[in-house]
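One structure below.
We name chains A, B, ... by the order of the sequence lines, and we start the count at 1 in each one.
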Amino acid sequence: MQALARPRACVYAGGTDLLVALTARQPWTAGISELVDIKHLDAAKGIAALRDSLRIGALVTADELASSAIVRREASALAEAAAVTSAPALSRRGTVGGNIVTPHPAGDVVTALLALDATAEVLEDGATSERPLADFMTSRSRKPSRGRLIVAVTIRNCRLSAFEKFGPRAAFSRSIVSACVTVLDGTVRVALGGLSSRPFLAAKTAAAAAEGHPLKAALMEECRPPFDGRAPVSYRLALADALVGKALLRARRS
Amino acid sequence: MTLRSQIRVSMKVNGEACELDVPASTTLADSLRAQLSLTGTKVGCDVGECGACTVLADGVPTLGCLVLTVEMDGHEITTIEGVADSRLSGLQRAFVEEAGLQCGFCTPGMILAASRLAADAGDREIRDALAGNICRCTGYTKIVAAIRRGLRDTSHAKRR
Amino acid sequence: MRKGADSKPRGAVGRDLVRVDGVAKATGTAKYPQDLPLPKDCLHLATVRAPLARARIRAVGVAKALAAPGVVRVLTAADVGGTNRFGLVEADQPVLADGVVRGASDVVALVVAESERAAREGARRVVLDLKKEAPLTDPERACEADAPLVHPERRLSGRHRNILAEREIRRGDTARALSRAAVVVSSEYRTGFVEHAFLAPEAGLAERDGEGRLTLYVATQWPEQDLRQAAVALGEPLESLRIVQQTIGGAFGGREDISLQIFLLLAASETGRPVRMVWDRKESIRGHGKRHPFRIRHRLAADSKGRFTAAEIDVLVDAGCYASTSAAVLDNALSQGCGPYVVPALLVSGRTVYTNNPYTCAFRGFGVNQMAFAMEQQVNKVAAELSLDPAVVRRRNFVEPGDRLATGTKVFACEGLPKTLRAAETRARRRKLPAARSDWVYGRGLASASKNVGYGFGLADNATAEVTVTRDGAVVRIGAAEVGQGVETALAQIAAETLAIAPARVRILWQDTSTSPEAGSSSASRQTFMSGNAVLRVCKLARRAVEKKGGIAKLPKGGLSRRFTFHAPRTRPIVARGATQHAYAYAWSTSVADVRVEVATGRVEVERIVTALDAGRVVNPRLLEGQVEGGAVMGQGYALQEQCIVRDGMPVSLGFESCGVPTAVDAAPDIETVVLESAEPLGPFGARGIGEITMIPVVPAITAAIHAATGAWVDEIPATPARVLAALAKLRKSSSAPARRRLRRRH
């Protein structure tokens, strides 16, 4: 942790985003001259079953999530998201923590975590605190984490859950739109990826979905689709409508 | 680790012990190619999007361009050069005889990405395992056929 | 149907020989240029490019770069010794940008340093003082008389100021035929920029060899053409330059233009030391050309039986910032603009224009893909309007042996064309299409196509081969670039067959320009025909000579050598009216695509592609199948998901994912090849070239399948899910009752 507090240090876990950024000399990496490899940090490893929740270490990879029997049983949407988020070799390196701090409009694992009411365990200035994961979805620009480390996330078990992804290719692509629907304590939660600067909880859309109302108006209100040339805005909203519908159907049946 | 610092790395590559002094920021793919002259591992994009740099790290298919050499200290690496001794491996022979290669640049990565599949892996499973390995020449049909045959042949050979 | 001289494989031609370079590639021992060991005291190059597509270069500040550790030289336009211009046809491209930036591929300076890192660091320290200008990105705008000029030095006037080439072909009276037609289908089609995405990024090494020649170790489609351009640019005699080809990691037309060749030769010449350069994927995408975007306005008229009576086709093609082969692409496209059909009255016109977009260049199909997409879709629309089977309409209009296309050129050996249609249909029928569901609908589409073989249009097209026959076998020297398509193996089979020896005893040497004679480019589906013929004829000469000497045992130690240059049969340019001869051979094919479309999202999945191909005579069945399958997936990608997005003249899709390149999961899981063999009269053993046609009919077959599944025509490719969904929405809103009925039937 002392290492992380150093001004030119950056957390290094799977490296699937960081290494690419360093190689490309993306501006936000200009100040980084030291990598702090945290892969030995035991507190950030493993998936632990608690009474009605799961504690998932920040170092857990997408591959581990997708193949974990307990995740597939207790929070299937998360396993689904992890299974489709990238390609085999990459999914063995990409971590939960990395997915949280990478400021991309979509982030399949993060989208699922939000719908599963995730809280993040954060280590900062020697102390640990619990914060809602949504708090970390505000950053628009990339910067190396200084002296702050996400150690784990805790999600609520939810057997009524489903994740839907839509990308520009059938496999191995960043989502254009993704949707995760969970039904927790009878309440429908909808998290959306690709419809804002970061994945977010779409409360109005969830309310409309729960009532069986059309989603279009709520989606138009809540979404701020990014202009990244990957798909027209109207299409993204139509996709969101379709994906939420699909996910809700599957969530209720599962 | 400071990116510019030189770090001594000890690892096993294709069964042989290696000692390298590399800058911390060097990827495994670059070290294998430049320091060890193992140019069978290819760099097609350097950002993890094509799979041409796939090697085995402790038996697991791994992207050489997205792993720092220093992380492999104490680990075992297998590259395409280490897949077989003097003859061709079952997969290599299958790729050659089934014409699962044309320009050949994706081939080492394909062979290594497929090498841990079960002998009875079906087409769907093979394609999913190759999702991160791009081929521009073959259309994948003969690659899948070569892998199916190669996995079967390898398993038969093992049983004998 | 003649299935070739005999249907049993005899000798080496027609056999599934394992490719000669297979083991080296599968073991990782094949060396691509980036794999070459570094010579002692090797220097490294890095490029300096502007972050803009159009600008005035006020100054290039090199002082900071020169002061950087390890930097040895910084080269700019002033250092180009000969003429600072190159180009495959027109020399309109600067080696190093002088005074202006015209496009993303421009390089302003080269930094030469002791290490790759030092070179890149040095490149970052070069200061460019640029005056930004608004880039000309719209080809329509580029045609206007008052448009800003991309090449003011061309001194064209009036409405031609950015127009690189303009053509028109007429036959008969189209206006009359259109007014009398039973049905006229009128549509506009669009295609976009596409990236070749060959797997091995550009790389090379240059140094002086033992004989003082500047030698380039590189991977290129046409080495001699590279050297001719380099000689002019460097101001060096051609004989002092040499290329030794390394293993080529894919090309598809993207290695036909100069990329880093002159940079390396220049730096090696200036420094007197070996120089190396390796591009990463982003630089590769920026640094070479793209497929031509086409805008096609198409009117097709037919009688009540579906016989075509007239076509009016107008084409606008984006040439990007440099000419490259854009004029030839326009000619090629217009030549086959109305497909393999009899069209009695025709007006085909087109122009290709300069813009500040990325320069467009050769890419598998060379303009025919775009035209075939439009024509085949029009044919399918005519069939739909008349409620006729699309296959029936095609059969009624196919060209027959002895016919001349309306564009003036005669087509040869086309008796296989209707057979490809029947064969594709028959094979396709083996699979039953699933019934439509609420979420997915299914459809099958069909399309046919022709593709010319060779350069054509009166361009010089030759291939020279030398053979030395000894008691151990034969060594054939011919500079035909093996880009992955298997030409090295095919030529070995042709040589073995002709010399009546085992293929294992034949060696093909193609890599060294100093010892292998010129064969022309590996493009235009020409190598099997041209180099195959050169090898066949030279081996025939050698065999006869050996027989005269009394047999191989009687040969002296050095063996016996012969040399032969095969000249392509004569071709002629485009003419506005009347007879001409654009090509000396054509390939024919029909593809059927089965797709399913997700109604809620517009996603299209291709479940099967069947391609029936008249290949002339097949030299190697398995390698041919590989070309069909590779072409099918490339066609699928072009139809559905591939685009290199360009903004303000700069490519912003800089990777495999962003360019939409198909993965193993995207690719149709079932690709079936049906091969027909009706001999190509002038081809070696009756073989013709098929490298490009494998892609061409797949695109309209897929868009036809989308229509069959949904009732919607998508006239712009890639038919992304967004475009398909928009077409579906348009269809629903349409007040046309038949359209709504069709849609209802599908769901």
With a 4.5 angstrom heavy-atom cut-off, which part of B:Thr39 approaches chain C: side chain, backbone, both or neither? both

Using a 3.5 Å distance criterion without hydrogens, assess whether the side chain of C:Asn620 forms a donor-acceptor pair with backbone atoms of C:Leu17. yes

Between B:Asp46 and chain C, which part of the residue has a heavy atom less than 4.5 Å away: side chain, backbone, both or neither? neither

What heavy-atom pair brings B:Gly104 and C:Tyr32 nearest, and what distance separates the two atoms? C-OH, 3.0 Å

Electrostatic pair C:Glu482:C:Arg19 at N-O distance under 4.0 angstrom: yes

Pair C:Ser523, C:Gln221: side-chain N/O donor-acceptor within cut-off below 3.5 Å: no

With a 4.5 angstrom heavy-atom cut-off, which part of C:Ala668 approaches chain B: side chain, backbone, both or neither? backbone

Is the side chain of C:Thr489 donor-acceptor paired with the backbone N or O of C:Val20 at a distance under 3.5 Å, no angle test? yes

So what's closer than 4.5 Å to chain C heavy atoms on B:Phe105: side chain, backbone, both or neither? both

Do you know the tightest heavy-atom contact between B:Gly100 and B:Ile143? O-CG1, 3.3 Å

Heavy-atom pair count under 4.5 Å with chain C, highest-scoring of B:Ala131, B:Gly44, B:Gly40: B:Gly44

C:Ser653 versus C:Ile645: any side-chain heavy-atom pair under 4.5 Å? yes

Residue selection (most heavy-atom pairs with chain B, distance under 4.5 Å) from C:Pro662, C:Gly486, C:Ala30: C:Pro662

What residue, out of B:Glu98, B:Arg93, B:Met110, B:Arg33, has the most heavy-atom pairs lying under 4.5 Å from chain C? B:Arg33

Under a 4.5 Å heavy-atom criterion, the part of residues 631-641 of chain C in contact with chain B comprises C:Val633, C:Met634

Please report the shortest heavy-atom distance between C:Gln245 and C:Ala481, naming the atom on each side. NE2-CB, 3.6 Å

Note: vs chain B, highest number of non-hydrogen pairs under 4.5 angstrom among C:Pro669, C:Ala251, C:Gly250, C:Pro37 is C:Pro669

Ignoring hydrogens and geometry beyond distance, is a side-chain donor-acceptor pair present between C:Trp510 and C:Glu488 at under 3.5 Å? yes

If you count heavy-atom pairs under 4.5 Å between each of C:Ala197, C:Pro201, C:Ala664 and chain B, which one has the most? C:Ala664

Residues that B:Thr26 engages under side chain to side chain contact (heavy atoms under 4.5 Å, CB included), provided they are two or more places apart: B:Val22, B:Pro23, B:Asp30, B:Ser31, B:Thr69

Write down the atom of B:Ile147, the atom of B:Leu91, and the distance for their closest heavy-atom approach. CA-CD2, 3.8 Å

Mind ranking C:Asp280, C:Val23, C:Asp666 by heavy-atom pairs under 4.5 Å with chain B and telling me who comes out on top? C:Val23

Given B:Ile80, B:Leu130, B:Thr79, B:Asp128, the one with more heavy-atom pairs under 4.5 angstrom with chain C than any other is B:Ile80

Given heavy-atom pairs under 4.5 angstrom as the criterion, report whether the side chain, backbone, both or neither of C:Leu623 touches chain B. side chain

Using non-hydrogen atoms only, which part of C:Arg117 is less than 4.5 Å away from chain B: side chain, backbone, both, or neither? side chain

Going by the salt bridge (Lys or Arg N to Asp or Glu O under 4.0 Å) test, which pairs reach into residues 131-144 of chain B, not counting sequence neighbours? B:Arg136-C:Glu642, B:Lys142-C:Glu625, B:Lys142-C:Glu629

Counting only non-hydrogen atoms closer than 4.5 Å, does B:Val43 touch chain C with its backbone (N, CA, C, O), its side chain (CB onward), both, or neither? backbone

Segment of B:Arg124 engaging chain C (4.5 angstrom heavy-atom cut-off): side chain

Under the rule for side chain to side chain donor-acceptor pair (under 3.5 Å), what residues qualify as partners of B:Gln102, not counting sequence neighbours? C:Gln627

Highest number of heavy-atom pairs under 4.5 Å with chain B: which of C:Ile671, C:Thr27, C:Val18? C:Thr27

Interface check, chain B: of C:Ala667, C:Ala200, C:Gly626, C:Gly249, most non-hydrogen pairs under 4.5 Å belong to C:Ala200

Less than 4.5 Å apart, any side-chain heavy atom of B:Ser89 and any of B:Phe95? no

Looking at chain C, which one of B:Val47, B:Ile134, B:Ile111, B:Asn133 has the largest number of heavy-atom pairs inside 4.5 Å, strictly under? B:Ile134

What part of B:Thr138 gets within 4.5 angstrom of chain C, counting heavy atoms only: side chain, backbone, both, or neither? backbone

Could you verify whether a donor N or O on one side chain and an acceptor N or O on the other, from C:Lys25 and C:Thr247, lie under 3.5 Å apart? no

